[in-house]
Amino acid sequence: MTAMGELIQEIFALYAGRGGWFLGLLWDHFLLSGQAILLSGAIGLLLGIFIAQRPRLAPAVMGVCNVLYTIPAISLLGILIPFTGIGNKTALIALTIYGIMPMVRNTYVGLTTLDPDILEAANGMGSTPFQALLRVKLPMAAGVILAGVRNMVVMTVSVAGIASFVGAGGLGVSIYRGITIYNPAMTAAGSILIAALAVLLDLMLGRVEKYFKKRGS
Amino acid sequence: MAEPVIQFDRVCKSFDGRPVLRDFSLSIEKGTFLTVIGRSGCGKTTALRLVNGLISADSGRVLVQGRDVAGADPVALRRGIGYTIQNVGLFPHMTVEKNVAYVPAISKSPLWKGEERRKRAAELLESVGLEPGLAGRYPRELSGGQRQRVGIARALAARPDILLMDEPFGAVDEITRRQLQDEILRLHQEWGITILFVTHDIEEALKLGTRVLVMEEGRATQFAPPSEVMERPATPFAAQLVRRSRDFAPRL
Ligand SMILES: Nc1ncnc2c1ncn2[C@@H]1O[C@H](COP(=O)(O)OP(=O)(O)O)[C@@H](O)[C@H]1O
Ligand SMILES: [Mg+2]
């Protein structure tokens, strides 16, 4: 039997024998990334709306987000430890910081590339700025914003896999343990579940995005 | 003589240091159908957008129903003035009914709640010559002419006293344009609304207007009934315009 065949067999053996443990990790993983997704979604959306309203601030804000985005995940976690300690809180902060960038970018692009005729109509008919935003701009930018959400969700779910390096829960625990006890099957088993979760969420969001893209055309 | 609903009083407006309207004065009586004609870039759109406060004058005053636009609440002002633009600008994510009901919705009009909204939208669609059955469609499912009509219905939903139309029929075929022209004539007669209608088509200007305004490089060079513009064009440019439509029957 090949090495690969053995590995796959071991992985299935792990799922069969420690199913409850993996399910628990999957749930923790889902909770941790879910919280980060909600936080960066909300912060990124608000920040994106804010700079779309004030284009002069946009390059500076986007620049800062870009810089944060390019810090390697592992070193961002390391940098945060002295400030926020070890555990889920640090992981949550790091994941949130990561997720903000795609949200800001897509919200900003979505809101600033709208058909000017439609904005002229919305303003000319007497929308308040808030009404124009809520009733016209955001719904029309929804397709682009959702593409950002999708991007951010997949990234957050996968980056959350290294959160256990700072003592957070989730499937990273099995990855980390697999590495420390020289059990590649355990590392792979956790990674596969992360990939599956990411793909599943991506497919679901893809459908929602398609609906909004079609509606907004 | 009727009262003026819209007055331009020595208005100047520049963009990036380039004058677009120069000492522009005009007084439009209630119920007028004013057609505005002039070369591209002569300031027609700019004049319209001064009326609903989308831009403000550098000097001079614009009065709407006797009140200076500069001191008015722009949101309230605009809700009382219908506005249609060449590319219509229908909201693609809203059905025809929701598009038509937009101004009542943002004004929280109690007249357009629930079942009432459906009825009123259907009435409006009929009055612009559309099947009420289109109410549930999205703009992308309509023809160009239908979109223009929805745009007009949307502009009329809040029963404005003034309607600003910026080259509304510029992008439709000839037959549809004729139909739309007849429709807007009928609406003008039935509703007694004041209309400012920008066009680059002299025949359209003469056919629709009770008054025609000829603009040249930011100035009003002739403001007269269509028959007078035809018979006594005030400038070489006006003469050149009407020469092309010798055999045309103007609105009386
Ligand atoms: N918001 C604006 N910013 C800068 N320039 C403008 C703006 N609006 C209009 N202009 C300029 O003013 C001139 C007159 O424009 P406009 O009133 O739209 O002309 P028309 O409608 O008669 O074709 C054009 O040269 C145009 O480029
Ligand atoms: Mg124009």
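Protein chains get the first letters and strands the later ones, always in sequence-line order, with residue 1 at the start of each.
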Interatomic distance, CD@E29(B) vs OG1@T194(B), rounded to 0.5 Å, equals 9.5 Å
Okay, A105(B) and chain A: the region with an atom under 4.5 Å from a heavy atom over there is both
Most contact-rich option vs chain B, by heavy-atom pairs under 4.5 angstrom, among D117(A), L119(A), D115(A), T128(A), is D117(A)
Residue from N87(B), V75(B), L90(B), I106(B) scoring the most non-hydrogen pairs under 4.5 Å with chain A is I106(B)
Honestly, the part of A122(A) sitting under 4.5 Å from a heavy atom of chain B is both
For the pair R150(A) and D202(A), find out whether any cationic side-chain nitrogen is under 4.0 Å from an anionic carboxylate oxygen. yes
Cut-off 4.5 Å, heavy atoms of chain B, and the answer for N123(A) is both
How about Y108(A) and F50(A): are their ring centres within less than 6.0 Å of each other? no
In R118(B), R120(B), K113(B), the residue satisfying salt bridge (charged side-chain N to carboxylate O under 4.0 Å, His left out) with E116(B) is R120(B)
TODO: Could you tell me whether K119(B) and E115(B) make a salt bridge, using a distance below 4.0 angstrom between a side-chain N and a carboxylate O?
DONE: no
